[in-house]
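Since the structure comes first, as structure tokens, the remarks are kept for the end.
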Amino acid sequence: MAEQATQVEEDDEGLPRNLVAQVIEAVDARDGAALAALLSPLHAADIADLLEQIDQRDRNGLLALWTGGMDGDILSELGDDLREEVIDRLGPRELAEAVRDLESDDVVDLVEDLDRDQQDQVLDALAAGDRLVVEKALAYPDESAGRLMQMEVVRAPSHWTVGEAIDYLRASDDLPEQFYHVILVDPRMKPVGYVTLGRLLGTPRSIHLTELMEDSFRTFRVDQDEADVAYAFNQYHLISAPVVDEDDRLVGVITIDDAMIVLDEEHEEDILRLAGVDEESSLTDRVMATTRRRFPWLAVNLVTAILASMVISLFEDVIAALVALAVLMPIVASMGGNAGTQSLTVAVRSIATRDLTGANVWRVIRREVLVGLINGMAFAVVMGLVGYLWFGQPLLGLVIALAMVINLVVAGLAGTAIPVVLERLGVDPALASGAFVTTVTDVVGFFAFLGLAAVILL
């Protein structure tokens, strides 16, 4: 086991392939020392990944053996459902040890999605002052800057010099574990600017702090949406930014690590919703929970499939007269669906990053339609030849070629326009666009192909 632990320690690229098997072996053998040797060198995020990869029985055995090993950083890395399960397994003393050294924003992130009983468990584990800070943060709206910020702030009066600020920092024993700026405030506690630690340490002591203020300075209101905060951090390359209350007084600070977590969550949510999967889904979900989350989306897809089938039923006589149509019509719908998904994905991503706006929407739609036209004509030539060579009917090749052009043009239009329209109506385009685009491309594809066949071939 000692050799195995050494191998784990030397591998810093995530979880080694054999680590999960080694951990399960140690759990089955009830070998606490070997388990600690395997887990101790790992980063908190890697331990969280490991807990998600093993089943509930092994997880319970691990937590029973690895007493005192669980800390707040690991809990912060776990998904919501698994976090609740792990907290239920920890005793009050072990939970108190785990959350004691976390910053206030990390504790808020840890408890905000827990049920009331588990929230009380964590809050009871905090010192009175820390509990008050966390409860104050929880009073702010969900997904707001107030929930995202940490209240441990390094601030200094705006009239101070570099020397006074450095002396203050050296004398302080309650500074945050990590911080990037010293925030300058006026006598009313309103932030007026900030100074990076690099400039502070590299400037003579006699210089006033106001001479070192960064141009990137901006503030956020406590009730501002966290998605807007994350966008601003990404757009303006912020490292940290102060948060103010309704009177513009400093109440906290948001740092880049928290903003980027929100940005990642927004992107992950969009990807999952495009596939019709609930954003809370994870590999540790139980069968029934996963079934309940996926059932509504599948029901919507069933309705759209029935609609497409109704279009096909309008042309039963045409299909009966020429069976080759039944062989070829899925190709037209499939190509349109894929082209629509391509345009849809680009559009939803651009809306999320705010690159697609009213100023350029028509240019983007025009581009997607032209792309669909060019691709449609290229594949029309291919499918025209396939239709002719396969079935020996030149007009059949013409029909599928024309239907291909029509459906790919419509796919480009629908894939871009539908997310834009839904977003204007206040509907999440990532959640609803897929069903609409698929329906449009299926209906148009079948109608164009079978309708042209009825006109040209019969």
Side-chain angles (χ1 to χ4, degrees), residues 1-103 106-107 109-111 113-114 118 121-122 125 177-178 257 260-261 264-265 267-268 271-272 277 279-291 293:
M1 277 293 182
E3 293 179 0
Q4 292 171 342
T6 302
Q7 291 173 359
V8 171
E9 190 171 8
E10 290 174 352
D11 191 332
D12 60 357
E13 299 297 329
L15 291 176
R17 288 184 181 179
N18 59 346
L19 177 63
V20 174
Q22 293 171 9
V23 166
I24 293 174
E25 181 184 340
V27 170
D28 289 340
R30 309 292 297 169
D31 191 341
L35 182 65
L38 287 166
L39 297 181
S40 296
L42 298 180
H43 188 277
D46 291 330
I47 296 176
D49 286 344
L50 186 145
L51 290 171
E52 291 176 351
Q53 291 183 30
I54 60 179
D55 62 27
Q56 186 176 27
R57 182 187 68 83
D58 291 327
R59 204 157 43 236
N60 291 340
L62 184 152
L63 295 174
L65 277 176
W66 198 41
T67 54
M70 186 63 59
D71 62 30
D73 291 330
I74 300 172
L75 292 174
S76 296
E77 296 286 348
L78 293 173
D80 294 339
D81 290 342
L82 187 53
R83 183 185 300 162
E84 293 179 14
E85 177 188 322
V86 171
I87 288 177
D88 276 339
R89 296 286 304 177
L90 298 178
R93 180 176 298 179
E94 193 171 3
L95 184 59
E97 288 292 331
V99 300
R100 179 173 298 167
D101 295 326
L102 289 177
E103 303 287 358
D106 294 324
V107 179
D109 180 62
L110 188 68
V111 303
D113 294 320
L114 300 177
Q118 289 190 319
Q121 274 185 267
V122 176
E177 185 176 333
Q178 291 184 352
D257 55 331
M260 291 304 99
I261 288 173
D264 286 343
E265 288 175 348
H267 295 166
E268 180 183 355
I271 292 170
L272 291 173
V277 180
E279 63 268 23
E280 296 180 1
S281 296
S282 72
L283 294 176
T284 58
D285 289 345
R286 298 181 183 275
V287 171
M288 290 308 299
T290 302
T291 302
R293 287 170 176 167

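Excluded from the calculations below are hydrogen atoms, water molecules and symmetry mates; all remaining heavy atoms, backbone and side chain alike, are included.
Remark: D28 engages R57 in a salt bridge (Lys or Arg N to Asp or Glu O under 4.0 Å) (not counting sequence neighbours). Under the side chain to side chain donor-acceptor pair (under 3.5 Å) criterion, D257 pairs with T255, sequence neighbours left out.
Heavy atoms only, all atoms of each residue included: S76 and D106 are closest at OG-O, 4.2 Å. Across all non-hydrogen atoms, the minimal contact from L75 to R83 is O-NE, 2.9 Å. Residues E77 and E52 approach most closely at O-OE2, 4.5 Å, considering heavy atoms. Considering all non-hydrogen atoms of both residues, A26 and L38 come closest at CB-CD1, 4.4 Å. Heavy atoms only, all atoms of each residue included: I54 and V20 are closest at CG2-CG1, 3.8 Å.
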I'd like to know whether N60 forms a side-chain contact (heavy atoms from CB on, under 4.5 Å) with Q56, so could you lay out the CA-CA distance, the side-chain angles of the two residues, the decisive distance to 0.1 Å, and finally the verdict.
CA-CA 6 Å; N60 291 340; Q56 186 176 27; 3.8 Å; yes
Please lay out, stage by stage, how D46 and L19 fare under the test side-chain contact (heavy atoms from CB on, under 4.5 Å).
CA-CA 11 Å; D46 291 330; L19 177 63; over 6 Å; no
Report the C-alpha distance between W66 and V23 in whole Å, list the side-chain angles of each, state the deciding distance to 0.1 Å, and finish with yes or no for side-chain contact (heavy atoms from CB on, under 4.5 Å).
CA-CA 11 Å; W66 198 41; V23 166; over 6 Å; no
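The structure places CD1 of I24 at 4.5 Å from CG of D58, a figure rounded to the nearest 0.5 Å. Annotation: the span from M70 atom CE to L51 atom CG amounts to 5.0 Å, rounded to 0.5 Å. The NE2 atom of H43 sits 10.5 Å away from the CG atom of D49 when rounded to the nearest 0.5 Å.
No donor-acceptor distance shorter than 3.5 angstrom exists from the side chain of R89 to the backbone of A64, with no hydrogens or angles considered. For D71 (side chain) and I74 (main-chain N/O), a donor-acceptor pair under 3.5 Å exists by modelled atom type.
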